[in-house]
Asker: 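My questions will all concern the structure given below.
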Amino acid sequence: MDSIPTLPAQLAGHSLLHLRETRSTNDEARARVSRGELDAGAVIVADRQSAGHGTHGRAWITPPGRALAVSLLLAIPPMPRLTRVTVLGAVAACRALEHLGVADVAIKWPNDLLRDGRKCGGMLVEHADTPTGRRLLVFGLGINLQLRPGDLPPELAEVAGDVGLPAEAREALLAAWLAELDAALAQLGTEHDAMRGREYCRRAWLPGRHVRLRAGADVFDTAIAAVTADGDLVLPDGRVINGDTAQLVSVAQR
């Protein structure tokens, strides 16, 4: 295995716990919060995850040292819909990548990052409860910096990609993402917040594609006309599907 640099204990104003290996940074964060070991603002980064996962239990593989696998603990932000944290986190990730020269990343609703049509990153937001019952958010982010042949099993290698950054860029990418997300949360309700919502819509990958959606007991086979700044889906007939409850089942191949 290549030598993997140690990350600092403080980064972009956050305390940082750097682990060489864990099952999942989100699982690690929730466990440590439940024991009172970590609180809002703390960050966990792992060089390797033995059981990394995304939404609906899908596996997320972390090539050691050549991917960013991070979980950030957040106090519950003052927003009507907490799912919009994912919107802000996705825009923050795209902006952070642009700081490092990667300008062609799209956001695949609800929580994936794509480059050249391949999944290069993903997000997972969960809850964690402190010993006193106070609830925090755990924002997990995974980004493939640079994949090599054999990093992924064949079924994932066909659909996964990377952002084309060297392993040494991990610390700078993490610092940029934390700074961007902190700014987004500090500017809720301002014009900067509205600008991030419009940017999310511009970066959306689903508009114009035909999908299968599940929303409660309903299944929709439909094109997507637009994605809103709150993460809802607009159908060609103007109907809006609430993004908090909808599930993307499949996307038709073009």
Side-chain angles (χ1 to χ4, degrees), residues 7-60 62 68-93 109-112 121-142 174-175 177-190 193 196-197 200 214-216 229-232 242-247:
L7 296 174
Q10 293 283 331
L11 190 64
H14 293 263
S15 63
L16 191 151
L17 176 63
H18 179 194
L19 303 175
R20 291 303 183 184
E21 181 172 342
T22 187
R23 281 180 49 82
S24 152
T25 57
N26 265 29
D27 291 350
E28 186 80 35
R30 288 190 290 110
R32 288 177 181 259
V33 167
S34 72
R35 298 194 297 264
E37 297 174 8
L38 293 178
D39 209 329
V43 176
I44 295 179
V45 179
D47 297 336
R48 181 178 181 272
Q49 297 181 115
S50 60
H53 56 88
T55 53
H56 310 296
R58 298 186 182 99
W60 179 262
T62 305
L68 173 63
V70 57
S71 293
L72 167 64
L73 292 169
L74 293 171
I76 303 295
M79 54 177 60
R81 296 173 60 177
L82 283 179
T83 48
R84 193 164 182 273
V85 170
T86 304
V87 169
L88 298 178
V91 172
W109 182 95
N111 53 9
D112 287 344
M123 293 159 284
L124 178 64
V125 180
E126 300 179 302
H127 290 99
D129 292 320
T130 68
T132 62
R134 183 166 51 90
R135 177 154 283 193
L136 303 177
L137 293 183
V138 183
F139 196 124
L141 173 68
L174 174 56
W177 179 67
L178 291 172
E180 285 286 351
L181 186 52
D182 283 347
L185 294 172
Q187 294 169 344
L188 290 175
T190 68
D193 188 35
R196 288 184 177 88
Y200 179 79
R214 181 175 290 115
D230 287 325
D232 295 329
N242 188 308
D244 297 353
T245 57
Q247 177 186 346

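Heavy-atom basis, side chains included; hydrogens, waters and symmetry copies ignored. This chain uses plain numbering: 1 for the first residue, then up along the sequence.
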Asker: Measure the spacing between CG of L11 and NE2 of H18 and express it to the nearest 0.5 Å.
Answerer: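 If we round to the nearest 0.5 Å, L11:CG and H18:NE2 are 11.5 Å apart.
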
Asker: State whether the side chain of S24 and the backbone N or O of D27 hold a donor-acceptor pair below 3.5 Å, judged by distance alone.
Answerer: yes

Asker: Just by distance, do the side chain of R35 and the backbone of P131 share a donor-acceptor pair under 3.5 Å?
Answerer: no

Asker: Which heavy-atom pair separates G231 from V87 by the least distance, and what is that distance?
Answerer: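 Shortest heavy-atom separation between G231 and V87 comes out as N-CG2, 4.1 Å.
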
Asker: Run the ring-centre check on W109 versus Y200 and record whether the distance is less than 6.0 Å.
Answerer: no

Asker: For the CD atom of Q49 and the CD atom of E28, what is their distance to the nearest 0.5 Å?
Answerer: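 It comes to 10.0 Å.
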
Asker: Kindly compute the distance separating CG (D182) from CG (L178), expressed to the nearest 0.5 Å.
Answerer: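 Answer rounded to 0.5 Å: 6.5 Å.
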
Asker: Take R134 and D129 through the test side chain to side chain contact (heavy atoms under 4.5 Å, CB included) and record every step on the way to the result.
Answerer: CA-CA 6 Å; R134 183 166 51 90; D129 292 320; over 6 Å; no

Asker: Take L68 and L141 through the side chain to side chain contact (heavy atoms under 4.5 Å, CB included) test and state the conclusion after the steps.
Answerer: CA-CA 7 Å; L68 173 63; L141 173 68; 4.2 Å; yes

Asker: List the steps and the verdict of side chain to side chain contact (heavy atoms under 4.5 Å, CB included) for R32 and L17.
Answerer: CA-CA 11 Å; R32 288 177 181 259; L17 176 63; 3.5 Å; yes

Asker: In terms of side-chain heavy atoms, does D193 have a donor or acceptor partner in Q187 at a distance below 3.5 Å?
Answerer: no

Asker: Identify the two heavy atoms, one from A69 and one from T25, that lie closest to each other, and give their separation to 0.1 Å.
Answerer: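 Scanning both residues, the minimum pair turns out to be O-CG2, 3.6 Å.
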
Asker: Just checking R214: does its CZ atom have more than 12 heavy atoms from other residues, nucleotides or ligands closer to it than 6.0 angstrom?
Answerer: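 Atom CZ in R214 is not packed in, count stays at 12 or less.
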
Asker: Take N111 and T86 through the test side chain to side chain donor-acceptor pair (under 3.5 Å) and record every step on the way to the result.
Answerer: CA-CA 7 Å; N111 53 9; T86 304; over 6 Å; no

Asker: Side-chain contact test, heavy atoms from C-beta onward, threshold under 4.5 Å: evaluate it for M79 versus P77 and give yes or no.
Answerer: yes

Asker: Of the non-hydrogen atoms in A229 and R84, which two are nearest, and what is the gap between them?
Answerer: O-NE, 3.3 Å

Asker: Give, for atom CG of L124 and atom OG of S71, the distance between the pair rounded to the nearest 0.5 Å.
Answerer: 8.0 Å

Asker: Is the backbone N or O of L137 less than 3.5 Å from a side-chain atom of E126, with the two atoms forming a donor-acceptor pair by type?
Answerer: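 Side chain of E126 to backbone of L137: no pair is present.
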
Asker: Look up atom CG in L185 and atom CG in L74, then write down how far apart they are to the nearest 0.5 Å.
Answerer: 6.0 Å

Asker: Under 4.5 Å between any side-chain heavy atoms of V33 and V138, yes or no?
Answerer: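 Answer no - side chains too far apart.
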
Asker: Using the side chain to side chain contact (heavy atoms under 4.5 Å, CB included) rule, pick out the option among V45, D47, V70 that qualifies with L7.
Answerer: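 By the side chain to side chain contact (heavy atoms under 4.5 Å, CB included) criterion, L7 pairs with just one of V45, D47, V70: V45.
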
Asker: List the atom of A128, the atom of R30, and the distance in Å for their closest heavy-atom pair.
Answerer: CB-CG, 3.8 Å

Asker: Test side chain to side chain contact (heavy atoms under 4.5 Å, CB included) on L188 and L88; report intermediate values, then the result.
Answerer: CA-CA 10 Å; L188 290 175; L88 298 178; 3.7 Å; yes

Asker: N26 and G140: which non-hydrogen atoms are nearest, and at how many Å?
Answerer: OD1-CA, 3.2 Å

Asker: Where the side chain of W177 meets the backbone of G89, is there a donor-acceptor pair that is under 3.5 Å apart?
Answerer: yes

Asker: Is the backbone of G41 close enough, under 3.5 Å, to the side chain of H14 for a donor and an acceptor to pair up by distance?
Answerer: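 Looks like yes, one N/O pair under 3.5 Å.
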
Asker: How far apart are the closest heavy atoms of L174 and L16, and which atoms are they?
Answerer: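 Where L174 meets L16 most closely, the heavy atoms are CD2-CD1, 3.6 Å.
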
Asker: For the side chain of D232 and the backbone of G243, is there at least one donor-acceptor N/O pair under 3.5 Å apart?
Answerer: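 A pair under 3.5 Å: yes.
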
Asker: Rounded to the nearest 0.5 Å, how far does CG of L136 lie from OG of S34?
Answerer: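 Output value for this atom pair is 11.0 Å.
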
Asker: With a 4.5 Å cut-off on side-chain heavy atoms, are I44 and T22 touching?
Answerer: no

